[in-house]
Number of protein chains: 2
Amino acid sequence: MPDIPMPQASSVTFLAERRLLHETVIDQLRDLIVQGELAPETKLNERVLAERLGTSRTPLREAIKFLASEGLVELLPNRGAVVAALKPEKMQEVFVVLGALEALAGDLACRNATEADIADIRALHYHMLAHHARGELAQYFRYNQQIHQRIIDCAGNATLAQAWRAMNAHVKRARYLANLSRERWDKAVKEHEDMIDALLKRDGARLQVLLRDHLSNKLVMVMEALQARKTEAAR
Amino acid sequence: MPDIPMPQASSVTFLAERRLLHETVIDQLRDLIVQGELAPETKLNERVLAERLGTSRTPLREAIKFLASEGLVELLPNRGAVVAALKPEKMQEVFVVLGALEALAGDLACRNATEADIADIRALHYHMLAHHARGELAQYFRYNQQIHQRIIDCAGNATLAQAWRAMNAHVKRARYLANLSRERWDKAVKEHEDMIDALLKRDGARLQVLLRDHLSNKLVMVMEALQARKTEAAR
DNA sequence: CAATTACTTTTTGTATGCAAAAATGCCGGA
DNA sequence: TCCGGCATTTTTGCATACAAAAAGTAATTG
């Protein structure tokens, strides 16, 4: 199975290649937050966390500042930092912005993507369909993300890509608690079919609309999941 | 003259109010970069800069990491950081993204702004006109920025506002080297007239288009200025 | 018993120290 | 003169030390 690598690089521009400690810490910490291992509103104890990541407080604090700018952690003066909350209102905001960014990317991608790009995305799409058919959610998500990422990349606008990644990180966080009904899942797949079709025809206007709708459906799912988590927490 | 304050806060969410050293350093450093006092591609010597800002290297380094995430500085592993370059290609990218964000904000603002909001923006507009009439460029820019900021704020989406601010910082940097011809200036003012009109009528669709066009004209000006600076540097 | 307060512990924020990497300068040789 | 290599200096990256603030705790008082 061809595994097209995600350019899951940190969003900064590093002119050289050697990895520095605080860079790896940024990525590790981001992963911990995105994957929910560090739950929303968890207090980040610097001493403990530094030990856990096998470093000292200095690089950790630098990483925290970096992620604060991405909005994944919040800084409380003289009281350290906490993992950003996962509030429904925030999610709504994020999805609105993400909708604008993806719509833009879709339009640009229809203009700028090479035939090879489109073929790649199409291939990813079929892999995704396969995992959907087998009910393999994790793998499905994986290819789903790759497709969206590739569309963004095809827009050929690195600044757009970076802004998208930052927003998307927030959405990814919510994904880990969304339990998809088969019905909704099927619908999402159907939407992807249409998107691929629009991309093949390079119909930017239509792809824009489809991406926006797709995201707004995704938002509904996330909101339900958040609601469920909330009532669960109240029990 | 009423001076409606810009909420020019750092983009992080601080739950308390006390200012910490590294926060002020973030803002100071950002200002130095945006206002061009630290020219693009300037190497940031930590020792020198820390002394200049009256602090030690630790808070400065934290601030640098924060601004790296905003894209205002670039990190070179083992070689410190430099002020981000002001490349034409980057500017084009930024303006495309900014166009999408402002268009979105304009649409939302037409729905969500209160009558008082619109009245405020209109007032700012007339102040701007006054400074334009007197040829006071700096003051004109000031009100211009405030108008755009207020439109974003009226969208009622803090996430959007933050993304916009980050992008706008890049544009602001370019502004300091754009010398506006009277002709272009008049045109920009005319565009603002139309924008205010659309906002008054709450015509979101039209405001979107106007904002996009306004920005694309602004991009042309910035590109010319960058070109001029380049040929100047070649002399 | 609740609440306040004094005291202790923990944690954060900042400065400094130290090692490793990069930049600089110097010298000799082609 | 120009280039390359070696030694020196500077600068960065990380760890640690120290001070200040917050959190926790226990004792005292109304």
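Protein chains get the first letters and strands the later ones, always in sequence-line order, with residue 1 at the start of each.
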Hey, is the side chain of A:Ser56 poking within less than 4.0 Å of OP1 or OP2 on D:dA15, counting only N and O atoms? yes
Across all chains, not counting sequence neighbours, the side-chain contact (heavy atoms from CB on, under 4.5 Å) partners of A:Thr159 are A:Asn157, B:Lys90, B:Glu93, B:Val94, B:Val97, B:Met167
What pairs with B:Asn144 under side chain to side chain donor-acceptor pair (under 3.5 Å), at least two apart in sequence or on another chain? B:Tyr140, B:His148
In chain order, what residues pass the salt bridge (charged side-chain N to carboxylate O under 4.0 Å, His left out) check against A:Glu89, with sequence neighbours excluded? none
How would you summarise protein contacts on nucleotides 7-13 of chain C per nucleotide, using B for base, S for sugar-phosphate only and - for none, with heavy-atom distances below 4.0 Å? ----SBB
With sequence neighbours left out, the residues meeting salt bridge (charged side-chain N to carboxylate O under 4.0 Å, His left out) with B:Glu62 are A:Arg61, A:Lys65
State whether the distance check finds a donor on one side and an acceptor on the other, under 3.5 Å, for side chain B:Thr55 versus base C:dT14. no
In whole angstrom, give the distance that lies between atom CG of B:Leu60 and atom P of C:dA15. 11 Å
Once salt bridge (charged side-chain N to carboxylate O under 4.0 Å, His left out) is applied, do any residues pair with B:Arg184, and if so which ones, sequence neighbours excluded? B:Glu224
